[in-house]
Amino acid sequence: MFDTREDGLRCVRFESGAVGVVDDQGNVIYQVDKCRHIEFAEHDFLKLKFGVADILSIPTLKNAPSDDNSYLRSVFYVDMKSGQMYGSMPQILRFGGFELLHIGGFLCTRTRKCYMVKWKPELITASPNGLYLPLPYYENPDDEYLYDVFRWYGVYQVCQLKDDDRKVYWILQEFYKDTSVLVMDEHGLHIHVWMDWKTGKVTRQELGYMRNEAERAMMTLRLNDVKREVVGRYLEKHVAVKKNEERARKKEIKAINSVEPFQIGGKWGLKSNGRMVVAPMYRTILTPVGKYCAVESCPGIWGVIAVDGKVEIEPRYEGVKILPDGTVELTVFNGKTVIKKLKN
């Protein structure tokens, strides 16, 4: 036994002479031949030492990505999450809730199958809601069916999904209004993935495959349904957010009291208990009536603001009169009066 870890994993040499990692039940987690020493390294990596003859005879060692081009190294690192071998310890980069490795100019995933892309870290960003992390990937699959799907969608990106560090998915369609994404797994299964805005949890809907014309026709119908569902979720969230914002604003307005106009440099604003709530920006502000004020933006051009500064009626009237019940009499330029009701 070479090394142990608190979670019960052990670095050992097997009777065959190979070395590897086993759990506390003796199950083999990782195994490699012709290795002289193995031990645990930080960030779920293994540190392995090989002899020179072994290095020259094992292609995975000679071709291991590294931050230098030396062939004389004897120490290598293995990512326990993917099993990928590296010639030096990669730099770990984090993008929100996602993790990538950077080594030799490559970005590498830590998924079960390691994907490598020659790309600059500063060009990588997670989706705005943290649902997925896209990576450019221009290699076409060997599978003829998947290649047909690629041509259909013009696929050029893979992504990692939130709460799924096992594998990557091909991005088929993004930029839905609800910030969801359409992806495909390595078997060609189409999956619509979105973040439930109420719970923050990732939700998946499996849509099926496109292996023939019939399935392609069915997929077209399902994707039309997806578009309608996306709009529905977006509108539901939009309405809920607006209601929450309005509730919060009403609470803030209710807390504003003792409001009075003040003047700086020829412009008028509003103060509440000595604290500025509306910056000086109007030619004239009249004394508030309830929670509203008549304001003059330019000579003879009047409108209405709330005491928190929000414009309730755009300044474009000859005169404004606010009544205690929230009714506003607006004088237009032909002398007529227009009546509007403000929310109490």
Taking salt bridge (Lys or Arg N to Asp or Glu O under 4.0 Å) as the test, write out the residues that go with Arg13, two or more places apart.
-> none
Applying salt bridge (Lys or Arg N to Asp or Glu O under 4.0 Å), name anything that partners Asp44, two or more places apart in sequence or on another chain.
-> Arg5
Measure the spacing between [atom1] of [X] and [atom2] of [Y] and express it to the nearest 0.5 Å.
{"X": "Cys114", "Y": "Arg112", "atom1": "SG", "atom2": "CZ", "result": "13.0 Å"}
{"X": "Tyr86", "Y": "Leu46", "atom1": "OH", "atom2": "CG", "result": "12.5 Å"}
{"X": "Thr327", "Y": "Lys341", "atom1": "OG1", "atom2": "NZ", "result": "3.5 Å"}
{"X": "Asn244", "Y": "Arg247", "atom1": "CG", "atom2": "CZ", "result": "5.0 Å"}
{"X": "Phe333", "Y": "Arg316", "atom1": "CZ", "atom2": "CZ", "result": "10.0 Å"}
{"X": "Leu93", "Y": "Leu101", "atom1": "CG", "atom2": "CG", "result": "8.0 Å"}

Only counting residues at least two apart or in another chain, list the ones meeting side-chain hydrogen bond (donor to acceptor under 3.5 Å, both in side chains) with Thr284.
-> Glu296
Return yes if some donor-acceptor pair links the side-chain N/O of [X] with the main-chain N/O of [Y] below 3.5 Å, else return no.
{"X": "Ser272", "Y": "Asn257", "value": "yes"}
{"X": "Tyr145", "Y": "Gly188", "value": "yes"}
{"X": "Asp3", "Y": "Phe40", "value": "yes"}
{"X": "Arg233", "Y": "Asp178", "value": "no"}

Determine whether [X] and [Y] fall in the same hydrophobic cluster, where Ile, Leu, Val, Met, Phe, Trp and Tyr are linked whenever their side-chain heavy atoms lie under 4.5 Å apart.
{"X": "Tyr115", "Y": "Ile191", "answer": "yes"}
{"X": "Leu100", "Y": "Phe45", "answer": "no"}
{"X": "Val155", "Y": "Met116", "answer": "no"}
{"X": "Leu323", "Y": "Leu286", "answer": "no"}
{"X": "Val183", "Y": "Met219", "answer": "yes"}

What is the minimum heavy-atom distance between Pro141 and Phe150, and which atoms define it?
-> CD-CE2, 3.2 Å
Over all heavy atoms of both residues, which pair between Gln160 and Glu99 is shortest? Give the atoms and the distance, please.
-> OE1-O, 3.9 Å
N-O pairing of [X] and [Y] below 4.0 Å:
{"X": "Lys243", "Y": "Glu246", "answer": "no"}
{"X": "Asp164", "Y": "Arg204", "answer": "yes"}
{"X": "Arg222", "Y": "Asp225", "answer": "no"}
{"X": "Arg249", "Y": "Glu312", "answer": "yes"}

Stepwise side-chain contact (heavy atoms from CB on, under 4.5 Å) check, Ser180 with Val230 | CA-CA 8 Å; Ser180 60; Val230 162; 3.8 Å; yes
Heavy-atom side-chain proximity of Leu161 to Cys159 below 4.5 angstrom | yes
Side chain to side chain, Val168 and Tyr137, heavy atoms closer than 4.5 Å = no
Distance-only check: which donor-acceptor pairs under 3.5 Å involve side-chain atoms of residues 117-135, not counting sequence neighbours?
| residue | atom | partner | partner atom | Å |
| --- | --- | --- | --- | --- |
| Lys118 | NZ | Gly104 | O | 3.3 |
| Ser127 | OG | Asn129 | OD1 | 3.0 |
| Ser127 | OG | Leu131 | N | 3.0 |
| Ser127 | OG | Tyr132 | N | 3.1 |
| Ser127 | OG | Tyr132 | O | 3.3 |
| Asn129 | OD1 | Leu131 | N | 3.2 |
| Asn129 | ND2 | Thr179 | OG1 | 2.9 |
| Tyr132 | OH | Glu174 | OE1 | 2.7 |

Cluster membership besides Val259, Ile/Leu/Val/Met/Phe/Trp/Tyr side chains within less than 4.5 angstrom, sorted by chain and number, is Ile253, Ile256, Trp268, Leu270, Val277, Val278, Met281, Tyr282, Ile285, Val295, Ile305, Val307, Val311
Result for side chain to side chain contact (heavy atoms under 4.5 Å, CB included) between Leu48 and one of Cys35, Ser74, Cys11 points to Cys35
Provide the full list of side chain to side chain donor-acceptor pair (under 3.5 Å) pairs with a residue in residues 194-203, sequence neighbours left out, each pair given once.
-> Lys198-Glu236
Other residues, nucleotides, ligands: >12 heavy atoms within 6.0 Å of [X] [atom1]:
{"X": "Glu245", "atom1": "CD", "value": "yes"}
{"X": "Tyr156", "atom1": "OH", "value": "no"}
{"X": "Lys34", "atom1": "NZ", "value": "no"}
{"X": "Lys81", "atom1": "NZ", "value": "yes"}

Between Tyr153 and His190, does the ring centre distance come in under 6.0 Å?
-> yes
